[in-house]
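Residue numbers start from 1 in every chain, and the chains themselves are labelled A, B, ... in the order their sequence lines are given, proteins ahead of strands. These numbers come from the heavy atoms of this one structure, side chains and all, not from hydrogens, waters or symmetry mates.
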Number of protein chains: 2
Amino acid sequence: MLHDSPPHNHLGVTQIRSSCASCSLRELCLPVGLNDHEIQLLGDIVSQKRKLYRGGYLYRSGLKFQSLFAIRRGFLKTCVLEEDGRQQVTGFHMTGELLGLDAISSEVHTCDAIALEDSEVCEIPFTRLEDISIIIPSLMRHFHKIMSREIVRDQNVMLLLGSMKAEERLASFLLNLSRRFSIRGYSESDFNLRMTREEIGSYLGLKLETVSRAFSKLQDENIISVKNKHILIKDITHLKLKMGNSSCIT
Amino acid sequence: MLHDSPPHNHLGVTQIRSSCASCSLRELCLPVGLNDHEIQLLGDIVSQKRKLYRGGYLYRSGLKFQSLFAIRRGFLKTCVLEEDGRQQVTGFHMTGELLGLDAISSEVHTCDAIALEDSEVCEIPFTRLEDISIIIPSLMRHFHKIMSREIVRDQNVMLLLGSMKAEERLASFLLNLSRRFSIRGYSESDFNLRMTREEIGSYLGLKLETVSRAFSKLQDENIISVKNKHILIKDITHLKLKMGNSSCIT
DNA sequence: CGTTGGGTTGATCCTCTTCAAACAGGGTGG
DNA sequence: CCACCCTGTTTGAAGAGGATCAACCCAACG
């Protein structure tokens, strides 16, 4: 009775919907347990796919916000420009993650999203998403959890930046990557970095030289092996100790 | 010396329910433009008020999450305990702000919320909030903006922690407080801190001595005047320069 | 080839931390 | 009222960790 929300299936073209809904939207719908009709509703609004080449912008700071983006494949970074032109990396994002949440509040993007390798994303028009959230409450609840998880993630970074030393930050960073790769079915101990030392440093609040030195130190201690962008974690327990311990010793 | 007294006290006329909805829930419903029936719906779920004394816990890390809390009056901090027992402050929160958003994802509180002065909050059972979001889409949309704003806020802190020097951090912190006081009708240049130097330091990723020194330096430069917890901003433009500039010079 | 962007490593400097001492203000109990 | 804490704060001096500056290496690529 109240609020006769239309089903919103008037974009028509929906050939890729189920592959899109089931694959790249795993953040959004996998854990929700939708029925067929609901998946169709969701698939309808996620019709747009977008391909990005390395270095390409998904969106830029200052642009009007209209859609969230679910990463279908690839690797992106988000970064904000400071007034003086330098940039700080605020996050690295991989397959299955959702980008653009920060822009909902002001309806303007507050950061740039840039592909670190060739990538593909699904565009999710946000007002449409809100509309079907009303029809599919489980989707709405899941969306709230995703936003909340982003808050938790940011607070963990705040913790890292506020109280860890260079080596602990790098250990924490590597373990975070490791976990995320492993969740996606890749090796948790053997992977390639997609970002430069400078980008890592920017994210961790360190200079690139410090990052490089920290890598070397971990390698000297035989905890990891570093060869350019290729990382091999040789002693993951020791690496975990590195992270949690010195904040305790110090 | 009572620059902290509330300037316009337009509450108290109405009964508990709508005063709660119209005053302490300003984060939630003021900008939404609800009609009477909707305000009543909202007011119905926000029936619980809770009083906190200085030092009291609103919630603790590890507790099951059930409600968000809107601050009706007072001043709180949120902080996480690290494994070793020390704590890091993740935020300071004042009247009208919403607490507990980080707990939605895991349904367990990930931080402690502690009153820095006698405070009063409204409890908002979260599942009820989600339920009526379905009935009042404008409320849902507003809630999404609130969560998103929290993400933006955290990212700004990340920026601060990642790239600013001690003095810039403190300047940034003071300006942030100033703005929030001013929004609430208090003086933007004359206020009392509710937190200790140690808590400020924890929030800014600095030691309390460094905070103290930075205060003294700003005072020596005649930009602010500090007397214990009482702050007087004497040259706000200069203070703003302090914040934005050195990150540029450096 | 030479060029270029990214990475490593060393030496020095600077900021913040650490340790230490002294101080101020607000209770409390005598 | 004072003496006596207790907590929070200020300030100084010494030390550590990162930043900065600079040189050099390496792999990719025209």
Side-chain angles (χ1 to χ4, degrees), chain A residues 54-55 77 84 86-89 114 116-117 160-174 192-221 224-231 242 246-250, chain B residues 1 53-55 77 86-89 114 116-117 160-173 192-221 224-231 242 246-250:
Chain A
R54 184 155 178 271
K77 70 170 176 181
D84 56 358
R86 276 178 322 155
Q87 59 179 27
Q88 161 139 0
V89 173
I114 303 172
L116 293 177
E117 63 181 21
L160 176 146
L161 293 172
S163 67
M164 290 188 180
K165 297 213 195 315
E167 223 183 321
E168 308 171 59
R169 296 187 196 189
L170 190 63
S172 174
F173 172 71
L174 289 175
N192 285 309
L193 300 174
R194 268 71 171 185
M195 69 295 280
T196 66
R197 302 288 189 265
E198 185 167 20
E199 288 163 332
I200 296 173
S202 175
Y203 180 61
L204 297 178
L206 302 169
K207 293 297 157 182
L208 68 94
E209 295 97 327
T210 308
V211 174
S212 180
R213 276 183 245 272
F215 268 128
S216 300
K217 180 125 183 288
L218 288 176
Q219 184 164 36
D220 290 348
E221 294 171 312
I224 65 174
S225 141
V226 191
K227 177 104 184 188
N228 286 321
K229 293 206 153 57
H230 180 248
I231 302 289
K242 275 278 166 195
S246 9
S247 83
C248 165
I249 290 167
T250 309
Chain B
M1 282 299 173
Y53 295 100
R54 184 154 179 272
K77 69 170 176 181
R86 276 179 321 156
Q87 57 179 28
Q88 161 139 1
V89 174
I114 303 172
L116 293 178
E117 63 180 22
L160 177 146
L161 293 172
S163 66
M164 289 187 181
K165 296 212 198 315
E167 221 182 321
E168 309 172 59
R169 295 186 196 190
L170 189 64
S172 174
F173 172 71
N192 284 309
L193 300 173
R194 269 71 171 184
M195 68 296 278
T196 67
R197 302 288 188 266
E198 185 166 19
E199 288 163 332
I200 296 173
S202 174
Y203 180 61
L204 298 179
L206 301 169
K207 294 295 159 184
L208 68 96
E209 295 95 328
T210 309
V211 174
S212 179
R213 276 182 246 271
F215 268 128
S216 301
K217 180 124 182 290
L218 287 176
Q219 184 164 37
D220 290 349
E221 295 171 311
I224 65 173
S225 141
V226 191
K227 175 104 185 193
N228 286 322
K229 294 210 154 55
H230 180 249
I231 301 290
K242 276 278 167 195
S246 10
S247 83
C248 166
I249 289 167
T250 309

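Taking five base pairs at each end of the helix from C:dC1-D:dG30 to C:dG30-D:dC1 and finding the rotation axis that steps the C1' atoms of four pairs onto the next four gives two axes whose angle is 30°, to the nearest 10°.
Proximity of B:I200 to B:Y203: side-chain heavy atoms (C-beta onward) are nowhere separated by under 4.5 Å. When side chains are defined from C-beta on, A:I224 counts as touching A:V226, because their heavy atoms get closer than 4.5 Å.
A:G205 and A:L161 make their closest contact through N-CD2, 3.8 Å (heavy atoms, listed as atom of the first residue, atom of the second, distance).
B:Q219 pairs by the side-chain hydrogen bond (donor to acceptor under 3.5 Å, both in side chains) definition with nothing, not counting sequence neighbours. For A:K217, the side-chain hydrogen bond (donor to acceptor under 3.5 Å, both in side chains) test picks out A:E167, with sequence neighbours left out. For B:E198, the salt bridge (charged side-chain N to carboxylate O under 4.0 Å, His left out) test picks out no residue, with sequence neighbours left out. Residues forming a side-chain contact (heavy atoms from CB on, under 4.5 Å) with A:S172 (at least two apart in sequence, or on another chain): A:L160, A:M164, A:M243. Remark: B:R197 engages no residue in a side-chain hydrogen bond (donor to acceptor under 3.5 Å, both in side chains) (not counting sequence neighbours). For A:R213, the side-chain contact (heavy atoms from CB on, under 4.5 Å) partners two or more places apart in sequence, or in a different chain, are A:E209.
Between B:L161 atom CG and C:dC16 atom P there is a gap of 13 Å when expressed in whole angstrom units. The CZ-C1' distance, from B:R194 to D:dG8, rounds to 18 Å in whole Å. Atom NZ in A:K217 sits about 14 Å away from atom P in C:dG10, given to the nearest Å. If you take CD1 of B:I200 and P of D:dG8, they are 13 Å apart, rounded to a whole angstrom. Separating the CG atom of A:L218 from the C1' atom of C:dG7 is a distance of 16 Å, rounded to the nearest angstrom. A straight line from CD of A:Q219 to P of C:dG7 spans 14 Å, rounded to a whole angstrom.
Here the straight-line distance linking atom NE2 of B:H230 with atom CG of B:N192 works out to 5.5 Å at 0.5 Å rounding.
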Would you list the protein and nucleotides 9-18 of chain D atom pairs, both N or O, that sit under 3.5 Å from each other?
from   : atom 1 : to     : atom 2 : distance (Å)
D:dT9  : OP1    : B:K229 : NZ     : 3.1
D:dT9  : OP2    : B:R197 : N      : 2.8
D:dT10 : OP1    : B:R197 : NH2    : 3.1
D:dT10 : OP2    : B:R197 : NE     : 2.8
D:dT10 : OP2    : B:S212 : OG     : 2.8
D:dT10 : O5'    : B:S212 : OG     : 3.2
D:dT11 : OP2    : B:S216 : OG     : 2.6
D:dG12 : N7     : B:R213 : NH1    : 2.9
D:dG12 : O6     : B:R213 : NH2    : 3.1
D:dA13 : N6     : B:R213 : NH2    : 3.4
D:dG18 : OP1    : A:A166 : N      : 2.5

What nitrogen or oxygen pairs link the protein and nucleotides 12-14 of chain C at under 3.5 Å?
none

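No donor-acceptor pair under 3.5 Å is formed between the side chain of A:R194 and the backbone N or O of A:L116.
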